[in-house]
Amino acid sequence: MAKKKKKKLSVFTVAMLVVALVGAVLAVVGLFTEWTYYDVQTVLGDGSTDGMTLEDWAAMNDWGDAVPEYSVAMQTFAWMAAIFAVAGFALVLVRMLVNIGLIRLLGKIAGLGSAIFGILALVFTFVAGENFVGGGIDLGDLASATWLPAVGAYLTSIGAVVAGAGALLGSKK
């Protein structure tokens, strides 16, 4: 009787699974933290910061014709980045158990999609913010206000790219 060779787990695949997991967690956590903020500085020195989450941006979608341009694209790409990041992690995990071509292909697609959507989410965050608030207000020495992406935008984007890399490399043959 021929002995069946036991399949050994590759250290590289396990490492890529961990990378994909860390990226997926970062991407999902970023969705629920502050996405953008508006920093106001006055001559009196009492600066304030007002943050907005993706949920706050979604609430603006009910404004009818006054919906901020590119807001929906930003939100869609952010959610797609997180979904593809989690899918990439899951497919690398499944690939470790069942190594078939379809799972590897889906893992590569999820990894590539995660990275692309993560980058697009950050790009459209900048575009949406610039179109919504015009980049900021400058009243000389009296007051100034600037708009910037907050930690959530960066976490989701970086996490999606990291998870995408882990899924792409973890899905190779």
Side-chain angles (χ1 to χ4, degrees), residues 2-39 49-61 70-130 146-173:
K3 286 187 177 181
K4 282 190 175 180
K5 228 181 180 184
K6 233 182 176 185
K7 184 183 170 204
K8 292 170 97 176
L9 288 179
S10 162
V11 172
F12 182 75
T13 304
V14 172
M16 290 302 104
L17 177 70
V18 171
V19 167
L21 174 63
V22 168
V25 168
L26 288 175
V28 171
V29 167
L31 289 176
F32 301 103
T33 57
E34 277 194 354
W35 196 260
T36 58
Y37 70 92
Y38 206 67
D39 185 31
T49 303
D50 186 26
M52 291 176 63
T53 63
L54 275 180
E55 187 178 338
D56 296 333
W57 279 91
M60 287 191 291
N61 293 344
Y70 304 105
S71 171
V72 175
M74 170 191 68
Q75 296 167 54
T76 302
F77 286 131
W79 279 97
M80 292 301 292
I83 289 168
F84 273 68
V86 170
F89 161 71
L91 287 165
V92 172
L93 182 63
V94 170
R95 182 227 177 262
M96 290 174 63
L97 304 172
V98 181
N99 191 10
I100 58 175
L102 179 62
I103 300 297
R104 287 193 307 271
L105 176 64
L106 292 175
K108 290 176 185 176
I109 291 170
L112 188 60
S114 175
I116 289 171
F117 288 135
I119 292 167
L120 287 174
L122 189 60
V123 167
F124 275 93
T125 298
F126 278 102
V127 172
E130 290 294 320
T146 55
W147 172 92
L148 294 167
V151 69
Y154 292 115
L155 278 178
T156 297
S157 298
I158 291 169
V161 170
V162 167
L168 272 172
L169 295 173
S171 295
K172 72 176 196 155
K173 195 167 188 177

How close do P149 and Y37 get, heavy atom to heavy atom, and via which atoms?
O-CE2, 3.6 Å
Residue pair S157 / L122: nearest heavy atoms and the distance that separates them
OG-CB, 3.2 Å
Donor-acceptor contact present, side-chain R95 to main-chain A167, <3.5 Å
no
Under the side-chain hydrogen bond (donor to acceptor under 3.5 Å, both in side chains) rule, what pairs show up with a residue in residues 106-127, not counting sequence neighbours?
W35-T125
With rounding to the nearest 0.5 Å, note down the distance linking CD in E34 to CG in D56.
8.5 Å
With sequence neighbours left out, what residues match S171 under side-chain hydrogen bond (donor to acceptor under 3.5 Å, both in side chains)?
none
Taking only residues two or more places apart in sequence, or in another chain, which ones meet A165 in a side chain to side chain contact (heavy atoms under 4.5 Å, CB included)?
none
Which residues share a side chain to side chain contact (heavy atoms under 4.5 Å, CB included) with I119, sequence neighbours left out
V123, V161
Contacts under 3.5 angstrom, residues 74-91 side chains, donor-acceptor by atom type, not counting sequence neighbours:
unit_1, atom_1, unit_2, atom_2, d
Q75, OE1, N61, ND2, 3.4
Q75, NE2, S71, O, 3.1
Q75, NE2, S71, OG, 2.7
T76, OG1, V72, O, 2.7

Side-chain atoms of residues 13-32: list all donor-acceptor pairs with protein atoms under 3.5 Å, sequence neighbours left out, distances to 0.1 Å.
none

